[in-house]
Asker: 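Structure provided below as structure tokens; questions to follow.
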Amino acid sequence: MPPHRSIPFTSLLFKCKTIQQLKQTHAQLLTRGLNHPPPSLRPTISFSALNSSGDINYALLLLFQSSTPPQIFLYNTLIRGLARACRPDSLSTSLLVFYRMIELNVVPNNFTFTFMFQGCANGGDFDLGRQLHGMAVKNSFAFDVFVRNSVIQYYSVFGKVRDARRVFDENEDLDIVSWNSMINGYLKNGEILEGLELFDKMPKRNDVSWNSVLGALVKFGSLDDACRVFEEMPHRSIVSWVLMISGYAQNGRPKEALALFREMQLLDLEPNSAVLVSVLSACSQLGALDHGNWVYSYIQKKCMKIDSILCAALVDMYAKCGSIDLAMQVFHSSRQKDVSAYTCAISGLAMNGRSIEAFQLFEQMKGEGISPDSISYTAVLCACSHMGWVEKGFHYFHSLFDEHGIRPELDHYACMVDLLGRAGLLKEAETFIDSMAMKPDNVIWGTLLGACRVHGNAEMGQRVGNMLIESDQNHDGRYILLSNIYAESRKGEDAEEVRNIMRKKRIKRVPGYSLIEVDGVVHEFLAGDRSHEKTEEIYLVWEEISKKIKNYGYNAETRAITFDIEDEEKENVIGYHSEKLALAFGLICTKPGSVIRIVKNIRICNDCHSAMKLVSKLFNRKISVRDRKRYHHFEEGRCSCLDYW
DNA sequence: AAGTCTCAAG
């Protein structure tokens with residue numbers, strides 16, 4: 001068969017849009033006896049190796065089975081595809097390709113080396129990279145600026161900034177990417193000053209240079225410094241916006257994240273999925289369902305692809321805004337779900353009082369061949385804790401290592417201590433802490449202290465509380481817990497003593513607050529807050545509510561009163577806990593029949609819990625309160641937590 | 001014929 005007969009097929013191959021089409025067309029070509037004519041290899045290998053919907057194994061097969069020795073371009077394409085793919089065997093496979101080409105006397109060129117270094121950087125093999133570097137130098141490929149830049153990048157990834165700097169210094173012929181790679185090497189490895197010094201010396205800067213600095217400030221410096229750079233930089237690319245918005249979202253400043261996003265919209269800039277992921281994270285933190293809904297409809301309107309990260313963010317947002325049904329709807333309709341998306345759904349279910357489904361989903365995930373990671377385990381252990389399922393908790397705790405070889409981390413231990421402590425097994429919890437394979441941190445002891453308070457164990461509480469205060473003198477929560485434990489076990493003097501120490505050390509109490517979103521605006525309330533513009537009305541309404549529910553058995557509890565309030569104010573303040581004010585505001589401002597959604601930064605107290613239950617019944621409203629750990633969905637006088645929390 | 005640097009979740 002004359003070779004030119006393959007030409008029409010080759011152009012057909014170039015037009016293929018999917019791997020299936022490509023394989024079919026290629027198969028037709030093969031059945032006509034045109035066994036891998038060289039021109040057909042290029043489109044097939046390029047597509048299979050580089051396209052995100054390609055099939056790199058198919059490309060490998062074609063390359064290794066070719067009857068004629070493939071051109072260097074094809075080898076390079078495969079190595080490039082492998083470097084990009086980030087599979088666990090990527091690097092060993094590209095090394096195989098590398099040896100194969102040498103074996104067939106195809107001499108590697110500067111492109112080969114660029115892709116190999118990229119592979120080493122992504123695949124985590126330092127030694128191989130160093131050998132290749134020697135080889136590249138010996139064969140004069142290190143003169144190519146691309147090769148050199150990928151070497152700098154490779155050394156930087158492994159924290160070998162000095163080696164990177166040597167390559168950088170040895171060469172006259174540097175371009176802006178060399179500078180960026182070198183600066184980024186410093187910044188990523190925490191050598192901020194060196195990085196900034198080099199940045200100052202740069203002959204010319206581009207967006208990437210500025211964004212590297214911006215990213216380092218967000219991560220290692222202060223957000224406010226980053227903000228200043230953001231204001232001053234000559235041009236903001238989408239990456240700059242991503243960095244700032246995610247910086248705010250991840251550092252407990254979700255309101256500022258949303259404000260910056262609004263600024264972006266006013267400038268008519270199109271958000272990408274990275275921006276939306278951060279915006280969704282901010283919505284999750286604020287419980288801002290209206291905003292979150294807007295983001296979801298925006299994604300649908302723009303037909304944006306929902307990848308596993310966006311899926312996880314959406315599921316997390318809906319779950320943390322209390323709309324677990326919507327969360328699961330998004331989850332099930334998404335095609336791309338990775339372990340994180342599953343984990344978000346699992347912890348979302350658990351948080352919303354649907355632990356049985358959480359366990360089912362965990363098993364389903366394993367059934368689909370996705371292995372749980374350490375965070376998935378934190379989620380199931382939390383689910384056990386919410387239900388008080390001690391035995392199940394131990395089962396999962398043991399399977400952590402037995403089934404998945406994951407060594408328990410502090411988070412897992414903390415979940416177990418919470419599970420035991422909440423269930424009233426305080427002794428067992430303490431024994432469990434003693435059996436830990438690592439040194440327990442203050443979070444673990446703090447969890448036990450919290451349990452001591454819930455179950456009124458003053459002896460253990462005193463011991464643990466004093467130890468905690470000793471080791472971390474500035475944590476307000478520990479003083480408060482200990483003082484309350486004393487107060488509740490009628491040791492008023494000891495409680496007073498703790499209060500005095502706290503005053504003397506000038507330890508500021510982090511105030512408890514509640515958020516409620518009405519018509520896209522997030523309102524914030526503190527306990528006894530009188531700053532809201534509708535204060536008069538809010539307090540009036542709460543008085544009415546209070547009177548009404550008292551007729552149905554509500555008795556303002558005084559046990560849970562915080563200590564830094566003067567005695568005569570006690571009843572007043574517990575009557576005006578932030579969630580009660582938010583509830584009154586919600587009753588004033590939302591439509592009858594709609595759900596009132598409140599987000600708290602600390603745990604809900606007994607008093608508010610019983611008040612909420614009664615209001616849900618007497619006012620016939622569904623109320624959702626998210627506290628620091630979980631959701632309480634109140635309906636018709638009952639709570640989804642079944643009064644266990 | 002092709003490449004090197006900045007970017008997101010639990």
Side-chain angles (χ1 to χ4, degrees), chain A residues 42-43 46 49-50 71-81 83-84 109-118 121 141 144-154 156-157 164 167 174-185 187-188 202 205-216 218-219 233 236-247 249-250 257 271-282 284 307-317 319-320 337-348 350-351 372-379 382 411:
Chain A
R42 188 160 72 87
S46 291
L50 297 178
Q71 303 154 303
I72 184 157
F73 176 85
L74 297 174
Y75 287 101
N76 289 346
T77 302
L78 252 150
I79 296 174
R80 181 181 169 206
R84 196 196 275 183
N109 62 9
N110 43 350
F111 288 94
T112 321
F113 278 98
T114 307
F115 302 140
M116 283 303 289
F117 286 122
Q118 210 178 11
F141 291 125
D144 183 303
V145 73
F146 285 93
V147 173
R148 220 181 309 127
N149 293 343
S150 55
V151 172
I152 295 176
Q153 172 73 4
Y154 144 78
S156 298
V157 163
V167 179
L174 299 166
D175 65 4
I176 196 162
V177 177
S178 328
W179 283 83
N180 285 342
S181 304
M182 191 61 237
I183 290 169
N184 208 37
L187 297 176
K188 279 277 155 68
M202 272 184 102
R205 301 183 183 113
N206 63 8
D207 284 356
V208 176
S209 334
W210 280 98
N211 287 334
S212 297
V213 169
L214 190 64
V218 168
K219 199 166 169 197
M233 57 201 288
R236 297 169 185 168
S237 70
I238 185 78
V239 174
S240 328
W241 289 93
V242 170
L243 284 167
M244 281 313 293
I245 295 177
S246 71
Q250 273 174 59
N272 63 8
S273 86
V275 168
L276 297 182
V277 166
S278 295
V279 170
L280 286 169
S281 157
S284 305
D307 63 10
S308 54
I309 299 178
L310 198 50
C311 170
L314 280 166
V315 170
D316 190 56
M317 181 278 292
K320 292 209 175 121
K337 299 189 270 263
D338 63 357
V339 60
S340 315
Y342 268 96
T343 303
C344 288
I346 291 166
S347 62
M351 200 173 132
D373 62 9
S374 87
I375 303 170
S376 324
Y377 267 99
T378 308
C382 257
D411 271 356

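Below, read A as the first sequence line, B as the second, and so on, with proteins coming before strands; counting in each chain starts at 1.
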Asker: Specify the separation, in whole Å, of atom CE of A:Met351 and atom C1' of B:dG10.
Answerer: 12 Å
Asker: With sequence neighbours left out, write down each residue that passes ring pair (Phe, Tyr, Trp, His ring centres under 6.0 Å) with A:Phe115, or none if nothing qualifies.
Answerer: none
Asker: Just by distance, no angles: are the side chains of A:Ser181 and A:Asn149 close enough, under 3.5 Å, to form a donor-acceptor pair?
Answerer: no
Asker: Rounding to an integer number of Å, can you tell me how far A:Leu276 CG sits from B:dA8 P?
Answerer: 14 Å
Asker: Classify the nucleic acid contact of A:Val315 as base, sugar-phosphate or nothing, counting any heavy atom under 4.0 Å across all strands shown.
Answerer: nothing
Asker: Could you point out which residue of A:Phe141, A:Tyr154, A:Phe146 forms a ring-ring contact (aromatic ring centres under 6.0 Å, His included) with A:Phe113?
Answerer: A:Phe141
Asker: If we check side chain to side chain contact (heavy atoms under 4.5 Å, CB included) with A:Leu214, which of these qualifies: A:Leu243, A:Asp207, A:Val239?
Answerer: A:Leu243
Asker: Roughly how many Å is it from CG in A:Asn272 to P in B:dA8, rounded to a whole number?
Answerer: 10 Å
Asker: For residues 307-316 of chain A, which side-chain donor-acceptor pairs fall under 3.5 Å, sequence neighbours excluded?
Answerer:
unit_1	atom_1	unit_2	atom_2	d
A:Asp307	OD1	A:Ile309	N	3.2
A:Asp307	OD1	A:Leu310	N	2.9
A:Ser308	OG	A:Asp338	OD2	3.4
A:Asp316	OD1	A:Lys320	NZ	3.1
A:Asp316	OD2	A:Lys320	NZ	3.3

Asker: Protein within reach of the bases, or only the backbone? For nucleotides 1-6 of chain B, mark each nucleotide 5' to 3' as B, S or -, using heavy atoms under 4.0 Å.
Answerer: BBBBBB
Asker: What I want to check is whether the side chains of A:Asp175 and A:Ser178 have a donor and an acceptor closer together than 3.5 Å.
Answerer: yes
Asker: Using whole Å, what does the distance between atom P of nucleotide B:dG10 and atom CG of A:Asp338 come to?
Answerer: 12 Å
Asker: At under 4.0 Å between heavy atoms, what does A:Ser340 touch on the DNA or RNA strands: base, sugar-phosphate, or nothing?
Answerer: base
